[in-house]
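Below, chains carry the letters A, B, ... as their sequence lines are ordered, and counting in each starts from 1.
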Amino acid sequence: MDITGPRGTYDILPDKVGKWHRLERVMRQTAELYGYQEVRTPLFEHTELFARGVGDTTDIVQKEMYTFQDKGGRSLTLRPEGTAPCARAFIQHRVYSQPQPTKWYYIGPMFRYDRPQAGRYRQFHQFGAETFGSRSPAVDAEIITLMVDIVTRLGLRDYEVHLNSVGCGRCRLEYRRKLAEFLQPLQAELCDDCRKRVDINPLRIIDCKERRCQEVLTGLPVLRDYLCAECAGHFAAVRRYLDQYAIAYVLDDRLVRGLDYYTNTAFELHVAGIGAQSAVGGGGRYDGLVAACGGPDVPGIGFAIGMERLLLALEENLVEAVLPEGLEVFVAYTGEECEVVAHQVLRELRQAGIRTDRDYMGRSLKAQMKQADRLQVALVVLIGEEEMKKSFYTLRDMDTKAQYQIEQAMLVTEIKRILGK
RNA sequence: GUGGGCGUAGCUCAGUUGGCUAGAGCACCAGAUUGUGGCUCUGGGGGCCGUGGGUUCGAGUCCCAUCGCCCACCCCA
């Protein structure tokens, strides 16, 4: 075998799928508890949407997108995140003309071309929630509360919520001046990336991970100190709402989102011990995004949770999986003549809503019993020559090993009775 | 894009200073008085030892390349 799945992808086989069902179920239930409704958008969009909606100075757009041309020559991109597609759908269907706010959630695969490592894949899954249409700080708090609620309901215990505010365009203008003043004499000491960022996107320098940069940057002015009165008030209100619910968080000066349409609140959910990629979730307010995508001036805020990372973090706290609906009855038979009858009985049981299977491997009766045992069925219907001759079926209880003859016409009724159906 | 580790049966792994038909456990299949499961016993199938070159009388074992996986940098979920 030399064909394998593409790099950075993986298969979720049946033995693991129960954990995913559980994740998805809790996420949906919790979001709906908060009044969010599911939205499903395409897995690919016009490349332009992400260039504008994510920002073309970001790593995502610059080097991580799966972009291709379709046969009509359009440039399309597999979605690297879920917010821009939501904004697009919000605008395209003029949802803003409905009563606001609009509260949506989504769940599904995202695609980024990046070197895989622990907790990082090229196709990965996100749960996300977005609220459009309200500037209220109570909404910021709600969205953070929802994120925390989901992970705690799933059993996550050791996590940290990081919180910051990046203000609005006006505050940042002021801050950028201060930042430029501060960086001016230090430029030569910054890393190559940061030297480029000085002009393109100076805010990104703040959270540069290069040790040298971090040393150079001690004493860097803190963005939060330059918030305008309105933004400072908004942030204070968000914090009050979080405190009211006793949602713990740590203020993080280095938590930044660099693009112009990201405003005010920014937050991330971190978990230690799942590898270098400790961010399990993150989000923030993006009051300029809808307008940037060609819509009206409608504010928004949202977050996304990386499901693979959450699963990693949950592994130790053992998530109980949703168990699949196992089989209830196995129809065993001997010989060709009985096979035809067994096939008919199989049909009748299934039509009666009883989860039933039979042998397709030409197994001996002994092997069929073994298979029935492996499948963990409660009952086996045995159809052999003797049963045929005397027109009955043998019904065996696999737990008690009790076995008795039953009139053929009574089989379905009897099985239903035993199974309590 | 950069660096490190690893690649032997379906799975988890052994495989001595390179030496005869490459092993174990689990799984799978078949038997153990011919119509019956879970335990036990016996037997069996299954491996281009990631791939391609090279060194050698001889390579799973050494060298080179390549691919893949894992981890880390960068970045993010």
Taking [M] as the reference, what is the distance to [N] when you measure between their [atom1] atoms (whole Å, please)?
| N | M | atom1 | result |
| --- | --- | --- | --- |
| B:rU16 | B:rG7 | P | 13 Å |
| B:rG19 | B:rG58 | C1' | 7 Å |
| B:rC41 | B:rG46 | P | 24 Å |
| B:rA77 | B:rG4 | C1' | 25 Å |
| B:rG23 | B:rC67 | C1' | 28 Å |
| B:rU34 | B:rA14 | C1' | 42 Å |
| B:rA9 | B:rG5 | P | 22 Å |
| B:rU21 | B:rC26 | P | 27 Å |

Base of [N] paired with side chain of [X] (donor-acceptor, under 3.5 Å):
| X | N | answer |
| --- | --- | --- |
| A:Q368 | B:rG35 | no |
| A:Q277 | B:rC75 | yes |
| A:R120 | B:rA77 | no |
| A:R396 | B:rG37 | yes |
| A:Q403 | B:rU36 | yes |
| A:Q117 | B:rC69 | no |

Length of the [atom1]-[atom2] vector between [X] and [N], whole Å:
| X | N | atom1 | atom2 | value |
| --- | --- | --- | --- | --- |
| A:H125 | B:rC76 | NE2 | C1' | 17 Å |
| A:F330 | B:rG37 | CZ | P | 14 Å |
| A:D59 | B:rC75 | CG | P | 7 Å |
| A:D373 | B:rA27 | CG | P | 13 Å |
| A:R358 | B:rU36 | CZ | C1' | 18 Å |
| A:Y121 | B:rC70 | OH | P | 7 Å |
| A:Q62 | B:rG1 | CD | P | 16 Å |
| A:W20 | B:rA77 | CH2 | C1' | 11 Å |

Paired nucleotide for [N] [Watson-Crick or G-U wobble; both distances under 3.5 Å]:
| N | value |
| --- | --- |
| B:rC74 | none |
| B:rC28 | B:rG44 |
| B:rU55 | none |
| B:rU61 | none |
| B:rU16 | none |
| B:rU66 | B:rG50 |

Please determine whether salt bridge (charged side-chain N to carboxylate O under 4.0 Å, His left out) holds for the pair A:E142 and A:K103, giving the CA-CA distance in whole Å, both sets of side-chain angles, and the decisive distance to 0.1 Å. CA-CA 11 Å; A:E142 178 182 87; A:K103 294 166 54 160; 3.0 Å; yes

Contact class for [X] (heavy atom, under 4.0 Å): base, sugar-phosphate, or nothing?
| X | value |
| --- | --- |
| A:E81 | nothing |
| A:I60 | nothing |
| A:A118 | sugar-phosphate |
| A:R374 | sugar-phosphate |
| A:Q376 | nothing |

A:G55 backbone acceptor or donor facing A:Y261 side chain under 3.5 Å: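 Yes.
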
Any sub-3.5 Å donor-acceptor pair from A:E81's side-chain atoms to A:A84's backbone N or O?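 Yes: the side chain of A:E81 pairs with the backbone of A:A84.
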
Take A:G5 and A:G119, find for each the nucleotide of RNA chain B with the closest heavy atom, and name the residue whose nucleotide sits nearer the 5' end.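 Between the two, 5'-proximity favours A:G5.
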
Between A:R115 and A:K401, which has a closest nucleotide on RNA chain B that is more 5'?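 Per heavy-atom nearest nucleotide, the more 5' residue is A:R115.
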
Within 45° of the axis and under 6.0 Å from the centre of the six-membered ring of A:Y113, does NZ or CZ of A:R122 qualify?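 Yes.
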
Out of [options], which nucleotide sits closest to the side chain of [X]?
| X | options | result |
| --- | --- | --- |
| A:A279 | B:rG35, B:rA77, B:rC70 | B:rA77 |
| A:M369 | B:rA77, B:rA72, B:rG37 | B:rG37 |
| A:D114 | B:rG1, B:rG35, B:rU36 | B:rG1 |
| A:R112 | B:rC75, B:rC76, B:rG37 | B:rC76 |
| A:M398 | B:rG37, B:rC74, B:rU36 | B:rG37 |

Take A:R52 and A:E48 through the salt bridge (charged side-chain N to carboxylate O under 4.0 Å, His left out) test and state the conclusion after the steps. CA-CA 6 Å; A:R52 302 229 308 251; A:E48 178 66 12; 3.2 Å; yes

A:S391 and A:Q408: side chain to side chain donor-acceptor pair (under 3.5 Å), yes or no, with the steps? CA-CA 7 Å; A:S391 295; A:Q408 292 187 345; 4.8 Å; no

Strictly by modelled atom types, are A:E414 and A:Y404 linked by a side-chain donor-acceptor pair under 3.5 Å?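 The answer is yes; a qualifying pair exists.
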
Compute whether any side-chain donor of one residue and acceptor of the other, for A:R358 and A:H343, lie under 3.5 angstrom apart.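 Note: A:R358 and A:H343 side chains meet the donor-acceptor criterion.
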
